[in-house]
Amino acid sequence: MKDILFVDDDPKCLASLKRILRKYAADWRFHIAQSVDEGINLIEGKKIDLVICDILMPEKNGFEMLRTLRADEKTKSIPVVMLTGMVDSKLKLKALSMGAADLLNKPIDKAELVTRISNGLKIKEYHDQILDQNLSLEKRIQERTRHAMMAAEIGSILVHGTDTNEMAGKCCGTIVHYLDAAFARIWILDDQNNQLELIASNGMFNTFGEIGRAHVELQSRQSISY
């Protein structure tokens, strides 16, 4: 379902637009505003996929609405089709230069209106797909960068360290930091006693107290039973 907002101070024009597009109501949901401020408030509360806005309106005009939408990061990608009853090429050039998707002259031709709306919705859909792909790519890059930095820091710890327990503790801290993990632990297996020994921990339960010994004992019993 695509949400389309009509902004026009002329109720007759709004009624005509709804009548023209009535058979598309199954796929398009229409919202109406009779002023720029009313339209902006409606956009803030709903997900709008396309705006059709008259240029000449009392108080604030369509150019002011277009300027407001383009200045906001959340709304700048919404396609805006401008309407005008004046045949003036300068108006069209101004609308396009400000970021309008298109400009239609009144009286509105039904086929042309449907085509322009369809094209505008496709543009919005493509833009959203590209945005989603960019966000996904950015997340993968950030994740791989964290992994690379973690590997480099752990490598440095192992190269320059001398005490095994101290190196293990630093490695746990590095893992928790770069992976945003709740905790990290390192265990070693004592072959003679067939027991696991906790040698390093960072984050949740990062001490070698009763909890640590309880885990050692639990792991030891499980290892022996197998």
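Not measured: the values here are computed from a predicted model.
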Seminar exercise, completed: Nearest heavy-atom approach of L69 to T75 is O-OG1, 2.8 Å
Problem set entry | Sidechain-backbone polar pair: H177 side chain, G173 backbone, donor-acceptor under 3.5 Å | no
For this session: Take atom CD of E59 as the centre, draw a 6.0 Å sphere, and report whether it contains more than 12 heavy atoms from other residues, nucleotides or ligands.
Result: no
Seminar exercise, completed: One should read off an interatomic distance between N41 CG and E44 CD, to the nearest 0.5 angstrom, of 5.5 Å
Problem set entry | Approximate separation, where rounding is to 0.5 Å, of L50 CG and L121 CG | 5.0 Å
Exercise. Of the non-hydrogen atoms in G62 and C53, which two are nearest, and what is the gap between them?
Worked result: CA-SG, 3.7 Å
Problem set entry | Closest heavy-atom pair and its distance - C171, I186 | CB-CD1, 4.4 Å
Problem set entry | Trace of the side-chain contact (heavy atoms from CB on, under 4.5 Å) decision for L5 with L42 | CA-CA 9 Å; L5 171 64; L42 195 149; 4.1 Å; yes
Exercise. Side chains of V51 and M65: does their closest heavy-atom pair fall under 4.5 Å?
Worked result: yes
Exercise. Under 4.5 Å between side-chain heavy atoms, hopping through other hydrophobics if needed: is there a path connecting L189 to W187?
Worked result: yes
Problem set entry | Donor-acceptor contact present, side-chain R185 to main-chain S201, <3.5 Å | no
Problem set entry | Ionic contact status for K60 with D37, cut-off 4.0 Å | yes
Problem set entry | Any I4 side-chain heavy atom under 4.5 Å of H31 side chain | no
Problem set entry | Chi angles and distances behind the side-chain contact (heavy atoms from CB on, under 4.5 Å) call for K46, D3 | CA-CA 9 Å; K46 296 183 181 293; D3 289 89; 5.7 Å; no
Problem set entry | Sub-4.5 Å side-chain heavy-atom contact between V81 and L104 | yes
Exercise. Is the closest side-chain heavy-atom distance between D9 and P58 below 4.5 Å?
Worked result: yes
Problem set entry | T68 side chain vs E64 backbone, donor-acceptor pair below 3.5 Å | yes
Problem set entry | Side-chain donor/acceptor of R29 to backbone N/O of K2, under 3.5 Å | no
Problem set entry | Heavy-atom closest contact (M149 atom, Y178 atom, distance) | CB-CE2, 3.6 Å
For this session: Find out whether F30 and L14 are in side-chain contact, i.e. whether some heavy atom of one side chain is under 4.5 Å from a heavy atom of the other.
Result: no
Problem set entry | pair I52-I117: side-chain heavy atoms closer than 4.5 Å | yes
For this session: Can you sort out the partners of K122 under side chain to side chain contact (heavy atoms under 4.5 Å, CB included), two or more places apart, ordered by chain and number?
Result: Y126
Exercise. Run the side-chain contact (heavy atoms from CB on, under 4.5 Å) check on K170 and N202 step by step: do they pass?
Worked result: CA-CA 9 Å; K170 289 182 178 179; N202 189 279; over 6 Å; no
Exercise. Got a second to check how far L83's CG is from D102's CG, nearest 0.5 Å?
Worked result: 10.0 Å
Exercise. Does the pair E143/K139 count as a salt bridge with the N-to-O cut at 4.0 Å?
Worked result: no
For this session: Output yes when a side-chain donor or acceptor of E38 lies under 3.5 Å from a complementary backbone atom of Q34, and no otherwise.
Result: yes
Exercise. Taking all non-hydrogen atoms of both residues, which atom of L66 and which atom of M82 are closest, and how far apart?
Worked result: CD2-SD, 4.4 Å
Exercise. Short question: side chain of R70, backbone of G99 - any donor-acceptor pair under 3.5 Å?
Worked result: yes
Problem set entry | Distance-minimising heavy-atom pair for C172 and A184 | SG-O, 3.5 Å
Exercise. Is there a donor-acceptor contact under 3.5 Å from the side chain of S156 to the main chain of E153?
Worked result: no
Exercise. Rounded to the nearest 0.5 Å, how far does CD of E138 lie from OG1 of T145?
Worked result: 10.5 Å
Exercise. Is the NZ or CZ atom of R67 positioned over F63's six-membered ring, under 6.0 angstrom from the centre and within 45° of the axis?
Worked result: no
Exercise. In a check of side chain to side chain contact (heavy atoms under 4.5 Å, CB included) between I78 and each of D72, I43, I123, D49, which one passes?
Worked result: I43
For this session: Applying side-chain contact (heavy atoms from CB on, under 4.5 Å), run through N61 and V36 and close with a yes or a no.
Result: CA-CA 7 Å; N61 60 35; V36 169; over 6 Å; no
Exercise. Of all residues at least two apart in sequence or in a different chain, which pass the side chain to side chain contact (heavy atoms under 4.5 Å, CB included) check with I188?
Worked result: E197, I199
Problem set entry | Sub-4.5 Å side-chain heavy-atom contact between H147 and L179 | yes
For this session: Could you state whether I40 and L56 fall into the same hydrophobic cluster, counting links through intermediate Ile, Leu, Val, Met, Phe, Trp or Tyr residues with side-chain heavy atoms under 4.5 angstrom apart?
Result: yes
Exercise. Residues two or more places apart in sequence or in another chain: which of them pass salt bridge (Lys or Arg N to Asp or Glu O under 4.0 Å) with E112?
Worked result: R116
